[in-house]
Amino acid sequence: ELKVEQNPLFLSMQEGKNYTIYCNYSTTSDRLYWYRQDPGKSLESLFVLLSNGAVKQEGRLMASLDTKARLSTLHITAAVHDLSATYFCAVDDSGSRLTFGEGTQLTVNP
Amino acid sequence: SAVISQKPSRDICQRGTSLTIQCQVDSQVTMMFWYRQQPGQSLTLIATANQGSEATYESGFVIDKFPISRPNLTFSTLTVSNMSPEDSSIYLCSVRDYGYTFGSGTRLTVV
């Protein structure tokens with residue numbers, strides 16, 4: 001059974017600081033997704049990582065995938081308040097389903 | 001990517017009743033997925049719905065409680081049956097296209 005673990009689960013940051021969220025998974029997969037969820041809202045797709053070594057960047061967020069280590073990271077650069085949300089990683093299990101991590105609740109403080 | 005219209009967006013229901021949630025996709029998709037997100041939790045897959053066949057349910061979810069219909073390649077429904085307060089959650093449908101796209105969610109409160 002595929003397991004996906006995120007850490008930290010809760011993250012409180014100061015504006016302007018950098019931090020990384022980690023996503024570890026237990027079985028071989030080369031498809032990993034990052035989503036953002038605002039309170040009471042659905043999931044917004046951030047990144048689709050489809051191969052080992054994939055790196056994608058959008059604004060202050062950068063995601064990477066190391067399939068050999070079964071690890072993805074979501075790096076936040078110079079955080080701003082608007083980034084406050086819950087971030088989920090999800091791993092594609094053989095193209096037939098997604099298994100989600102527990103989520104990281106990010107709060108960016110002024 | 002696909003655009004999904006999910007209805008209703010929210011509902012408050014009496015225990016013992018049933019609610020049917022609908023998802024309409026703007027393109028034909030083979031696989032549709034139904035997830036549950038309990039308060040403060042992550043998403044858990046309920047079932048996978050393929051057109052023309054019975055839905056495949058995950059461990060802990062049964063057809064009598066969560067019947068699913070998939071009459072064509074653009075539409076699916078999930079019914080939450082004989083509801084109890086423990087069913088209060090957000091329910092989301094999803095389709096696999098380039099990645100996985102999610103509907104806007106249905107926030108269900110059972111009183």
Side-chain angles (χ1 to χ4, degrees), chain A residues 1-11 21-26 29-51 54 56 58 63 65 72 74 85-107, chain B residues 1-12 21 23-25 29-50 53 55-61 68 78 88-109:
Chain A
E1 179 187 346
L2 173 60
K3 295 189 184 301
V4 182
E5 295 182 347
Q6 283 182 241
N7 70 84
L9 300 183
F10 299 93
L11 176 57
I21 299 170
Y22 297 89
C23 176
N24 292 274
Y25 54 98
S26 63
S29 176
D30 58 1
R31 293 174 174 263
L32 189 138
Y33 305 83
W34 284 96
Y35 293 92
R36 167 180 173 148
Q37 186 178 40
D38 292 295
K41 304 292 186 181
S42 185
L43 275 71
E44 173 191 354
S45 179
L46 295 175
F47 299 108
V48 179
L49 303 171
L50 298 178
S51 61
K56 292 196 174 180
E58 181 72 33
L65 177 61
S72 180
L74 180 66
T86 299
Y87 293 84
F88 291 96
C89 64
V91 178
D92 192 330
D93 190 356
S94 303
S96 61
R97 53 180 291 170
L98 282 184
T99 299
F100 282 81
E102 306 97 320
T104 297
Q105 185 175 319
L106 171 66
T107 303
Chain B
S1 58
V3 176
I4 304 174
S5 174
Q6 184 172 344
K7 297 179 181 179
S9 59
R10 59 178 61 230
D11 207 340
I12 300 173
I21 302 166
C23 276
Q24 178 75 51
V25 190
V29 292
T30 303
M31 300 173 78
M32 292 184 73
F33 306 89
W34 288 97
Y35 288 85
R36 180 176 74 182
Q37 186 177 26
Q38 295 178 299
Q41 303 294 314
S42 184
L43 281 77
T44 301
L45 181 64
I46 298 171
T48 302
N50 293 323
S53 63
T56 302
Y57 289 82
E58 297 298 308
S59 176
F61 298 96
I68 288 171
L78 169 76
S88 298
S89 297
I90 298 174
Y91 292 85
L92 300 107
C93 63
S94 174
V95 300
R96 185 169 186 264
D97 40 24
Y98 170 63
Y100 289 81
T101 301
F102 287 81
S104 53
T106 296
R107 180 180 290 274
L108 171 62
T109 302

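This one's a predicted model, so the numbers in the text were calculated from it and none came from an experiment. So that the names make sense, note that chain A is the first sequence line, chain B the second, and so on, each numbered from 1.
Contact of B:Leu45 with chain A is made through the side chain alone, with heavy-atom distances under 4.5 Å. Neither the backbone nor the side chain of A:Gln105 has a heavy atom closer than 4.5 Å to any heavy atom of chain B. Only the side chain of B:Gln37 has a heavy atom closer than 4.5 Å to any heavy atom of chain A.
Summarising the geometry, atom OH belonging to A:Tyr35 is positioned 4.5 Å from atom CZ belonging to B:Phe102; distances are rounded to the nearest 0.5 Å. Between atom CD of residue A:Gln37 and atom CD1 of residue B:Ile90 there is a gap of 6.0 Å, rounded to the nearest 0.5 Å.
Counting heavy atoms from C-beta outward, A:Leu43 and B:Tyr100 have side chains that stay 4.5 Å or more apart.
By the neighbour-count criterion of 12 heavy atoms within 6.0 Å, atom CG of A:Leu9 is densely surrounded, having more than that number from other residues, nucleotides or ligands. Applying the 6.0 Å contact sphere to OH of A:Tyr22 captures no more than 12 heavy atoms from other residues, nucleotides or ligands.
Of the listed residues (A:Ser42, A:Gly103, A:Gly40), the one with the most heavy-atom contacts under 4.5 Å to chain B is A:Ser42.
By the ring pair (Phe, Tyr, Trp, His ring centres under 6.0 Å) test, B:Phe61 pairs with B:Phe66, sequence neighbours left out.
Of all non-hydrogen atoms in A:Phe88 and B:Ser42, the two that sit nearest each other are CE2-OG, 3.5 Å.
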